[in-house]
Amino acid sequence: MPDPAVRCRFAPSPTGYLHLGGARTALFNWLTARHHGGQMLLRIEDTDADRSQPELVDLIFRTLTWLGIDWDGEVVHQSSRGEAHRAAVGRLLDEGRAYWCSCTRDEIDARAKERGGKPGYDGHCRDRGLGPDPTHVVRFRVPDDGETVVRDLIRGDVHFANHELEDFVVQRSNGHPMFVMANAVDDIDMAITHVIRGEDLLPATPKINLIRAGLGEATTPVFAHLPLIVNEKRQKLSKRRDDVAVEDYQARGFLPEAMRNYLATLGWGPPDGVEIRPIEEIVALFRLEDVTKSSAFFDVKKLEAFNGEYIRALGLGDFVERSLPFLTTAFAPGPGMVLDEDTFVAIAPHVQERVRVLGEIPEMVEFLFREISVDGDAWAKTMEKDPALAVQMLDAAIDLLAALPDWTATAINDAVIGYADAREISRKKAQAPVRVAITGRTVGPPLWESMEVLGRDRSLERLREARAQLPA
RNA sequence: GCCCCCAUCGUCUAGAGGCCUAGGACACCACCCUCUCAAGGUGGCGACACGGGUUCAAAUCCCGUUGGGGGUGCCA
């Protein structure tokens, strides 16, 4: 049911392009916000100055927009909230919830090794009464006893024993807040009601709740830790190993609505089982409570199937418009290259039902826009395997088509197929040499339509060229 | 090591104790259609990880085992 009080946020850190996992997180936040008629906010988590790149922020905005994920209000840049973060750390310090620490990583590790057992911080500086220093960090004093509970809409209550949590750093020695600190403070100030993010953040959540409580915040937001999107080895998608940049999928010719629709099925399914459907319906049906618990494999094959359906559902004009950028990229002006939009429009209906991604289009229609180079395998399979038949069909086609009164696909079909049928040559075999002569390939759009679009002169020219390369 | 999460066809999922002989989608296979390739149509293959409980009844609840994953930074 609608609840306009719902406030979600997507909080990427600009350390790279938008990746699949981030896009899915953004989408589920957006679906939740729109489902309830609440707010979808954006926050850039750029507290790690060394790793954040401002120019990547714009790319993230563009990619979200491409996916049709919009947001409300001003984007919050975490880097501009230093004052609020420092004030919060100060409050923790004043109230004895946090303390200054001078320990280096090496010292911490050395002590851990010495005492054996669990690695991690031992609370060495807890009661040393240290003050600010350019080399000191601030650590949160985690209670020794009790437990911290994370209420998660997807996973139920998750319990963490406080003694398992070490005194974690909330402020770096350079004065910048750590992720959990900035995250907790900003979520409070932005009045976030639903924190929807990847499951990898679940172990950090008790720290955030501890900070909230330490800051005197009586409530916690509703958490929803989404199942991870994994690769074929069932590992979390990684930028190094896997193809995760959403921009790359855009460049390959995936439609944003197909991508968005597919992403919605990763960890969620509509009650009626209808997977491919308008986003409005998904918004209406989506419920965080229904999100799956286990990780989901990103299956490009299935994405392609979705994309193919979306492409076929496009109106012709829309299809052409979306295809053009891929054609102009592939068919950059040059010698022997003429990209004629009308020509593409003529063949487009046949192309539309044959591609799964728009990036496949140039290869399929290349023969219309420049001189062909016959594929070696194609030539061998059709011309060299049965030269007699190839010669017969090519000669027949040249004669019949030169004399054809009307240059239409139907007329071409009747002439060539009529010839083949009369001589009991299988249609499949009869068209093969002609196809290779015309397109240079064994597969492609319907041949007769292709020839109609190519035109009589160019078609005959190619047939004669191919014929010339075969024995007399 | 320790903490946490997860476990239904190859994959994404439906399933909230009897509607399950476990449904759908993608993939795969076969056939039909057909000028190639697609698209479309029809059919097929294919799963409740294992072991204990609870119950008249368990894919569904509980416990354990096994397996997988995530986390364990002055990254986020």
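In what follows, every chain begins at residue 1, and chains take the letters A, B, ... in the order their sequences are listed. Worth knowing before you read on, the calculation uses all heavy atoms, side chains too, and leaves out hydrogens, waters and symmetry mates.
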Given [options], which nucleotide is nearest the side-chain atoms of [X]?
{"X": "E353(A)", "options": "U8(B), A38(B), C35(B)", "result": "A38(B)"}
{"X": "V169(A)", "options": "C5(B), C35(B), C74(B)", "result": "C74(B)"}
{"X": "A296(A)", "options": "U13(B), C37(B), U11(B)", "result": "U13(B)"}
{"X": "W448(A)", "options": "C35(B), C5(B), A76(B)", "result": "C35(B)"}
{"X": "K236(A)", "options": "G71(B), G10(B), A39(B)", "result": "G71(B)"}
{"X": "V158(A)", "options": "C4(B), C26(B), G1(B)", "result": "C4(B)"}
{"X": "V443(A)", "options": "C74(B), A25(B), U36(B)", "result": "U36(B)"}
{"X": "R427(A)", "options": "C35(B), C12(B), C74(B)", "result": "C35(B)"}
{"X": "F297(A)", "options": "C5(B), U11(B), C75(B)", "result": "U11(B)"}
{"X": "P203(A)", "options": "G68(B), C35(B), G70(B)", "result": "G70(B)"}

No-H, no-angle donor-acceptor pair, [X] side chain to [N] base, under 3.5 Å:
{"X": "R155(A)", "N": "C5(B)", "result": "no"}
{"X": "E275(A)", "N": "G24(B)", "result": "yes"}
{"X": "S173(A)", "N": "C74(B)", "result": "yes"}
{"X": "R105(A)", "N": "C74(B)", "result": "no"}
{"X": "E166(A)", "N": "C3(B)", "result": "no"}

Answer for the Watson-Crick or wobble partner of U42(B), both distances under 3.5 Å, is A30(B)
Check: With side chains defined as the heavy atoms from C-beta onward, is the minimum distance between Y249(A) and T63(A) less than 4.5 Å?
Finding: no
